[in-house]
Amino acid sequence: MDIYILQIFNGISVSSIFMLAALGLAITFGLMKIINMAHGEFIMIGAYAAYIVQNFFTQYLPASFFNWYFFIAIPIAFLLAASIGWVLERIIICHLYGRALDSMLATWGVSIVLQQLARSIFGAPNVDVKSPNWLNGALLLSPGLQLPYKRLFIMGMVIICMLIIYYLMYCSNYGRKIRAVMQNRDMAASLGINTRKIDSYTFAFGSGLAGIAGCALTLLGSIGPTLGTGYIVNTFMVVVLGGVGSLWGTIAGGLLIGTGNTTLEFLTNTTSGKVLVFTLVILFLQWRPQGLFTVHSRSLDE
Amino acid sequence: MNTILEIKDLIISFDGFYAVNNVNTKINKGEIRFFIGPNGAGKTTLLDAICGRIKPQHGSIIFNNNKNVLHYAEHELVNIGIGRKFQVPSVFTSLSVYENMEISVVKNRGIFSAIFNNITKSQREKINTILELVDLFDYRYRKASELSHGQKQWLEIAMLLVQDLQLILLDEPVAGMGRKETTKTGELLQKIAAHCTVIVVEHDMQFVREYASMVTVLHEGAVLDEGSVNHIQNNPKVIDVYLGRGGENCA
Amino acid sequence: MLKIKNLQAYYGESIILKNIDLNVQEGRIVCLLGRNGVGKSTFLKSIMGMVCTPHGSICLENKELINEPTYTRARSGIGYVPQGRDIFPQMTVAENLRLGLEINNGIGKISPKIYELFPVLKEMLTRKGGNLSGGQQQQLAIARALVSHPKLLILDEPTEGIQPSIIQDIGKVILLLKKEGYTILIVEQYLEFILNIADDYYVMDKGEIIAQGLVSKMDKEEIQHKIAI
Amino acid sequence: MFVKKFIKAPANWTFLIIILSLLAAPLFLSVFRINLLGKFISYAILAIGIDLIWGYTGILSLGHGVFFGLGAYAMGMYLKLEAAHGKLPDFMSWSGLEHLPAIWAPFSNPLSLLFIIIIPALLAAVIGYLTFKNRIRGVYFSILSQALSLIFVVLFIGQQAYTGGTNGLTSFQTIFGLSLAADNTKYILYYASILFLILVYTYCRFIVNHRIGKILIAIRDGENRVRFSGYNPTIYKIFVYISSAAIAGIAGAIFVPQVGIISPAEMGIVPSIEMVIWVAIGGRGTLIGAVIGAILVNGLKSGISESFPEIWSYFLGLTFIVVVIFMPEGLVGLVKKYASHLFTWHNKKEKIIQKAPSIN
Amino acid sequence: MQIRFLRKMKKKTALAMAALFVSSAFLSGCAGTQASNSNNDKNTIKVGVLHSLSGTMAISEVSVKDAEMMAIDEINAKGGVLGKKIEVVTEDGASDPAVFAEKAKKLLQQDKVATVFGCWTSASRKAVLPVFENNHGLLWYPVQYEGMESSPNIFYTGAAPNQQIVPAVDWLLKNKGKKFFLIGSDYVFPRTANKIIKAELKAKGGTLVGEEYTPMGHTDYSTIINKIKNEKPDVVFNTLNGDSNVAFFKQLKDAGINTKDLITCSVSIAEEEVRGIGAGNMAGQLVSWNYYQTTDTPENKTFVKNYKAKYGQDRVTDDPIEAAYDAVYLWAAAVEKAGSTDVDKVKAAAKGLEFNAPEGKVKIEGENQHLWKTVRIGEVQADGSIKEVWSTPGPVRPDPYLKTYDWAKGLAN
């Protein structure tokens with residue numbers, strides 16, 4: 001019995017990781033229609049940010065502080081990824097609005113450069129990010145049923161991130177401006193909104209979310225220059241399956257692909273699980289090309 | 001029997017909003033029929049339904065007494081004789097004017113014919129005649145993207161003409177045209193009507209007055225009135241919602 | 001208040017406006033008449049900086065705007081109600097209204113007067129903008145432009161495609177605004193509507209101003225002929 | 001008629017020059033470089049196919065590595081069986097197979113080389129039928145095709161006993177009895193590659209010069225208009241997708257004997273995107289641009305990675321960015337523009353209005 | 001705006017022209033290098049170093065390249081080989097087998113190098129193997145691998161299965177338990193290794209309770225760990241590669257599995273990888289290799305000291321690094337012995353050649369060109385170092401086809 005409960009937990013946990021990785025994309029791709037192939041590299045930047053913060057703590061601060069480094073690492077990861085995203089938007093992305101397919105190719109170049117940059121700065125081998133002690137261990141429900149704190153923490157982070165995004169997008173001035181710009185750029189500008197500024201902030205925000213995802217992923221996986229490549233197709237599939245431009249879609253897409261992956265992996269094996277999930281997603285999209293949650297948007301259709 | 005198109009009990013709704021609500025009308029052969037009405041009255045939606053872009057919830061559209069348009073795929077309509085021009089000129093901008101026509105003139109639209117058959121001499125002559133008609137003959141080797149707005153509109157009309165259609169749907173053909181161009185388009189319409197029936201959605205009342213044989217006024221998805229221009233102009237209800245726009249009474 | 005000199009405007013490489021001169025004096029309602037497609041909307045867009053304007057000058061209260069981006073123009077006090085209203089369809093009426101405050105950086109409150117002018121909006125605050133009828137959208141668009149108390153209000157065909165009763169309402173609102181000292185520039189092709197509300201008129205054809213004067217002294221027949229639809 | 005047309009276009013002249021210089025290349029270059037050039041030619045063939053579907057029809061497929069890989073594997077299976085001399089290929093015995101699997105059996109026959117075209121074409125037909133019929137296009141199609149290449153890579157790696165897993169197929173000895181190691185064979189393969197380049201280019205030129213080419217461009221410019229002109233765009237899209245996939249298969253088959261290996265690494269997402277970028281750099285929608293782009297980019301990649309093995313990825317990445325942003329028409333577009341500046345004295349006024357005035 | 005647009009266009013074209021220039025310069029550049037690459041000139045001997053410096057495999061291969069460079073520098077500092085300095089041509093395999101093949105051809109045909117040190121993955125080795133055989137080149141391959149191969153043109157300085165996997169399984173069966181769970185990345189080495197292990201388990205009374213493969217770069221092991229928990233094995237034999245190990249061990253620890261209930265033994269994790277995984281996540285787990293940084297020989301002390309001095313105190317040495325280092329010295333010794341860099345002469349001279357490597361004495365087995373190596377099982381310590389817990393009394397004879405093991409009959413065909 002325990003094994004099945006644990007499997008459900010795993011499914012949700014994997015889903016939460018996909019969601020976290022896809023949230024930033026839901027903004028840059030979903031709202032701005034920029035196919036950012038360098039999204040995975042922003043995840044990587046977030047992971048390295050955690051590494052930098054960790055090293056700072058071990059070198060310059062007393063050991064007792066170490067346990068709390070992660071709370072510093074998350075905002076730093078966000079800020080670092082966001083500022084690099086901002087610069088990128090100002091230099092490169094700004095030329096690519098309305099050229100979705102081109103944006104894909106150009107950001108691919110960006111991704112190559114960022115990977116090599118990471119290799120030059122941090123070296124090719126993986127680096128180690130120690131998780132704080134309070135995240136080690138697991139919530140013991142029964143001897144066979146242990147829910148790792150790290151996974152619970154990531155789930156919590158996803159929920160918090162969603163709430164923040166929801167608040168920002170739907171309850172704040174800033175979000176209103178973003179939505180206005182994305183729905184009707186000219187009209188937004190003639191209401192006094194600086195659309196260029198909104199563009200770059202929005203892209204930076206999306207990149208920053210990827211940074212947070214990267215920071216969280218250090219708890220579970222490796223930290224190296226190619227960290228992001230493993231996530232890129234998955235995250236795109238999450239966004240497309242959910243419906244481009246819909247936050248709910250991203251959640252639903254993440255949940256479907258995540259639980260689908262773990263369930264099929266459990267029933268068959270990892271390779272078949274992966275192949276099956278993607279095949280099913282492709283078939284599903286034949287039936288509903290716009291994804292689960294349809295948002296009427298013109299820019300991607302034609 | 002000279003009805004070419006009969007619309008029966010047509011209902012189209014999007015998410016509970018009735019864009020077209022129980023429209024009934026008959027269009028006779030050789031007519032130039034205008035659909036007018038304020039924005040959102042359902043004119044373009046109606047055109048979309050006639051050419052198969054939108055599937056209505058209810059009702060039928062009968063072409064030539066026996067063909068229910070709704071049973072055909074969009075690309076099959078040309079074969080039974082219905083063609084459409086869009087509101088925004090949609091010619092193939094990276095092809096030359098002549099190539100645009102070439103694509104339209106061919107009757108066999110299968111892929112093998114497209115690979116192996118070039119157009120025949122008679123088809124070439126036909127293209128030239130029609131290009132002369134719309135004054136684009138001298139531009140035939142230009143890229144369509146280099147044409148002026150009005151010329152693009154004419155090219156699109158020419159592309160319809162060359163297809164030997166029985167019914168042509170035009171969505172705001174004179175929008176964005178100057179008066180001279182508008183007049184020319186109107187004359188063109190009259191020439192076209194000699195061979196086939198034309199349905200036009202238009203705002204420009206002067207244009208409507210000059211060229212319409214019949215006018216259907218749509219309002220909030222339903223037919224408000226139908227008849228000759230004169231008849232329409234004197235209907236107080238029509239004046240109210242459209243022509244007069246009620247300005248006199250303000251203040 | 002608004003002085004426009006020698007304005008040219010392009011779409012891509014085609015010239016739409018040739019050397020337009022136009023003045024709007026403070027507290028007056030100015031109307032620009034013209035047929036479909038003569039460049040009226042383009043003219044308003046060029047005031048807002050949405051089209052290419054390589055030549056000319058646009059002065060609002062002696063401040064040159066020609067090189068400013070759209071949002072600074074709006075922020076210097078122009079409230080713009082575009083043709084087709086351009087409501088943000090997926091936002092609620094309240095959100096649409098709040099966006100009007102962006103001209104003041106989103107600070108401030110929506111004065112209750114707005115709801116006095118447009119009582120219908122108050123009932124619909126939580127409805128999605130896209131679900132309103134055309135007339136309601138038009139009212140919302142005007143209200144949105146008014147929440148920031150602009151120095152100059154620009155209306156692009158406020159009567160187009162709108163049912164008569166609401167056109168009357170809008171006409172009343174415009175007159176009310178005039179009483180309060182608002183300066184307004186209206187583009188119309190519908191003569192009857194402006195006869196009762198405007199002070200000055202301009203007539204545009206083919207991207208040029210072909211007639212201008214006081215509405216009170218206007219030869220209605222002649223103008224009607226010029227802008228005949 | 002066709003010959004006349006062929007001679008007229010400057011693109012074809014350029015192609016002729018490229019072919020002539022490729023033919024003459026063995027006079028100047030070492031066998032190694034010729035071999036390398038042969039690989040680039042296989043890439044050029046692939047790029048022509050991509051240009052047909054992307055440049056002309058506007059469909060961006062990021063899964064062409066799969067078709068390339070399928071063609072290459074078909075060739076590889078044939079070569080592998082030739083090398084095994086009737087025995088079980090080496091990797092199968094490590095993987096525990098005792099008999100030749102049924103899907104391998106036909107490949108002992110040279111006729112099976114037809115599979116190089118048939119398999120990619122069939123796959124393209126199925127996928128194309130589904131996606132195009134359901135009107136999946138633009139970005140959605142690109143992302144789906146990306147998922148496709150991911151699926152195939154995972155599948156090929158997972159079925160080690162049948163595909164050689166990550167190692168792929170390698171250790172070929174002979175092709176039609178000729179030793180692959182011999183210089184002469186390399187020259188023969190090189191010239192065969194050029195022959196196929198000519199064939200594929202001519203095929204695609206034939207397509208784009210005929211009415212179908214115009215219909216493809218029309219689909220790119222306005223699919224709806226095409227539909228209302230009475231054409232069924234789905235069929236045309238499927239056709240061009242199949243053509244492009246078959247061409248990719250041929251390219252893969254040419255690649256294998258010259259490089260000596262095909263592994264899943266050649267069919268993944270990364271190579272698939274790179275293929276598209278060759279076309280972008282050369283100039284899409286020109287065919288000749290695809291040839292130039294593929295040869296130039298790969299030449300650069302080899303050249304720079306030899307000279308600066310540690311930092312060549314920077315060059316690669318930056319080139320992609322610069323080309324996509326600043327030269328959307330690619331090198332060919334650039335040359336065209338300069339050529340028109342040099343050779344024509346068109347007055348500015350001649351440039352006719354591009355966009356419509358606003359519809360008031 | 002229009003004017004601005006035109007100005008922009010000019011800038012764009014200027015930029016594009018610059019790009020063109022650069023590219024043509026490079027093209028001519030590589031044609032130029034080709035001309036000068038006639039052969040080893042009088043005072044130097046050219047050797048190739050071929051590893052992935054970019055792509056996913058760069059993680060492991062860069063430090064192996066570093067070790068080779070260090071050995072070459074050391075030899076050059078002592079006067080080189082045959083009185084000539086060694087000149088290195090470095091190439092990037094870019095983690096792509098086809099690129100490896102291309103670069104191998106380039107090194108052999110274009111640069112005419114005397115030998116090549118390189119490769120890591122089986123895929124890259126398999127890709128270059130025909131190139132070396134056809135061009136009669138010489139490759140020194142420094143990584144443990146799945147065996148079943150013995151090319152006359154390759155020297156294998158890493159462990160064959162019987163010098164790593166077979167003794168490890170034997171030891172685990174005796175000391176840790178009979179129930180085995182096999183987990184590996186989905187590629188040739190794990191699949192072949194597991195085939196050997198399964199045969200060995202069958203012969204020696206072990207039981208197999210599970211076997212799982214994950215795609216390269218897989219990052220979520222929760223489901224597999226769940227399966228492991230369910231099967232309750234004594235030993236998880238781990239042949240995962242690269243990044244996946246990090247995810248596996250981090251998640252294994254979180255799942256509340258400790259080394260008392262279940263021990264893992266890994267054959268692809270050395271000190272370098274332990275750093276990436278985090279020593280804390282792996283403390284107490286077992287690994288099997290021929291060399292550790294802690295291996296107690298005088299040669300190793302200087303080797304570790306020099307390596308750290310050259311590349312930084314935070315760097316570590318490990319088995320493949322050491323094997324790569326050995327390879328250069330072995331080649332140099334063979335060349336000195338042969339008095340020539342000719343491949344056949346070097347091969348002949350290499351037969352039976354002995355070398356006091358950091359791992360202790362190694363010897364080239366003439367029959368299959370593998371090394372005699374000492375097998376060591378180690379336990380990962382909390383500080384990231386690996387403590388030897390068991391070792392063979394002396395170097396073990398390499399047996400890539402496992403011909404000397406009865407239970408392995410039929411494995412190699």
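Per chain, numbering begins at 1; letters A, B, ... match sequence-line order. For clarity, every value in this text was computed on a predicted model and none was experimentally measured.
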(Q) Using the ring centroid of each side chain, check whether A:Trp134 and A:Phe153 are separated by less than 6.0 Å. (A) yes

Q.
So that I know where these two stand, are E:Phe248 and E:Tyr221 an aromatic pair - ring centroids less than 6.0 Å apart?
A.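 Between E:Phe248 and E:Tyr221, the centre distance is under 6.0 Å.
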
Q. Residues in ring-ring contact (aromatic ring centres under 6.0 Å, His included) with E:Tyr307, at least two apart?
A. E:Tyr311

Q) Can you list the residues that meet the ring-ring contact (aromatic ring centres under 6.0 Å, His included) rule with A:Phe56, with sequence neighbours excluded? A) A:Tyr60

Q | Plane angle bin for E:Phe237 and E:Phe180 - parallel if under 30°, tilted between 30 and 60°, otherwise perpendicular | A |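 Answer is parallel, since the angle falls under 30°.
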
Highest number of heavy-atom pairs under 4.5 Å with chain A: which of [options]?
{"options": "E:Pro215, E:Gly217, E:Ser60, E:Ala279", "value": "E:Pro215"}
{"options": "E:Glu272, E:Met216, E:Lys250", "value": "E:Lys250"}
{"options": "E:Glu212, E:His218, E:Glu61", "value": "E:His218"}
{"options": "E:Asp186, E:Thr219, E:Val274, E:Asn230", "value": "E:Asn230"}

Q) Under the side-chain contact (heavy atoms from CB on, under 4.5 Å) criterion, do A:Cys94 and A:Arg196 qualify, and how do the steps go? A) CA-CA 8 Å; A:Cys94 59; A:Arg196 281 296 300 125; 3.4 Å; yes

Measure distances from [X] to the heavy atoms of chain A and classify the residue's part below 4.5 Å as side chain, backbone, both or neither.
{"X": "E:Ala255", "result": "backbone"}
{"X": "E:Thr214", "result": "both"}
{"X": "E:Ile224", "result": "both"}

Between [X] and [Y], is there a side-chain N and carboxylate O pair less than 4.0 Å apart?
{"X": "E:Glu211", "Y": "E:Arg191", "result": "no"}
{"X": "E:Asp92", "Y": "E:Lys65", "result": "no"}
{"X": "E:Arg315", "Y": "E:Asp66", "result": "yes"}

Q: Could you list which of residues 37-53 of chain A have a heavy atom closer than 4.5 Å to any heavy atom of chain E, in residue-number order?
A: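 The list, in residue order, is empty: none.
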
Q. Residues of residues 269-277 of chain A under 4.5 Å from chain E (heavy atom pairs)?
A.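 Checking residues 269-277 of chain A against chain E gives A:Asn269, A:Thr270, A:Thr271, A:Lys274.
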
Of the backbone (N, CA, C, O) and the side chain (C-beta and beyond), which part of [X] lies under 4.5 Å from a heavy atom of chain E, both, or neither?
{"X": "A:Leu219", "result": "backbone"}
{"X": "A:Lys150", "result": "side chain"}
{"X": "A:Tyr231", "result": "side chain"}

Q | Audit row: E:Lys229, E:Asp261, salt bridge (Lys or Arg N to Asp or Glu O under 4.0 Å) steps and yes/no | A | CA-CA 10 Å; E:Lys229 269 179 140 179; E:Asp261 310 329; over 6 Å; no

Q: Would you check if there is a donor-acceptor pair between the side chains of E:Glu271 and E:Ser385 at a distance under 3.5 Å?
A: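 Judged by distance alone, the side chains do not pair up.
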
Q: Compute whether any side-chain donor of one residue and acceptor of the other, for A:Thr226 and A:Thr229, lie under 3.5 angstrom apart.
A: no

Q. What option among A:Leu140, A:Leu135, A:Asp2, A:Leu6 has the most heavy-atom pairs under 4.5 Å with chain E?
A.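 Ranked by contacts with chain E, first place is A:Leu6.
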
Q | Residue, of A:Lys130, A:Arg119, A:Gln146, that accumulates the most heavy atom pairs under 4.5 Å with chain E | A | A:Arg119

Q: Mark yes or no for whether E:Trp289, through its side chain, and E:Ile269, through its backbone, hold a donor-acceptor pair below 3.5 Å.
A: yes

Q) Is a donor on one side and an acceptor on the other found under 3.5 Å between the side chain of E:Lys179 and the backbone of E:Val209? A)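 Such a contact is absent between E:Lys179 side chain and E:Val209 backbone.
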
Q: Please say which of E:Asp318, E:Asp319, E:Thr317 ends up in a side chain to side chain donor-acceptor pair (under 3.5 Å) with E:Tyr291.
A: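 Of all the options given, the one that passes is E:Thr317.
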
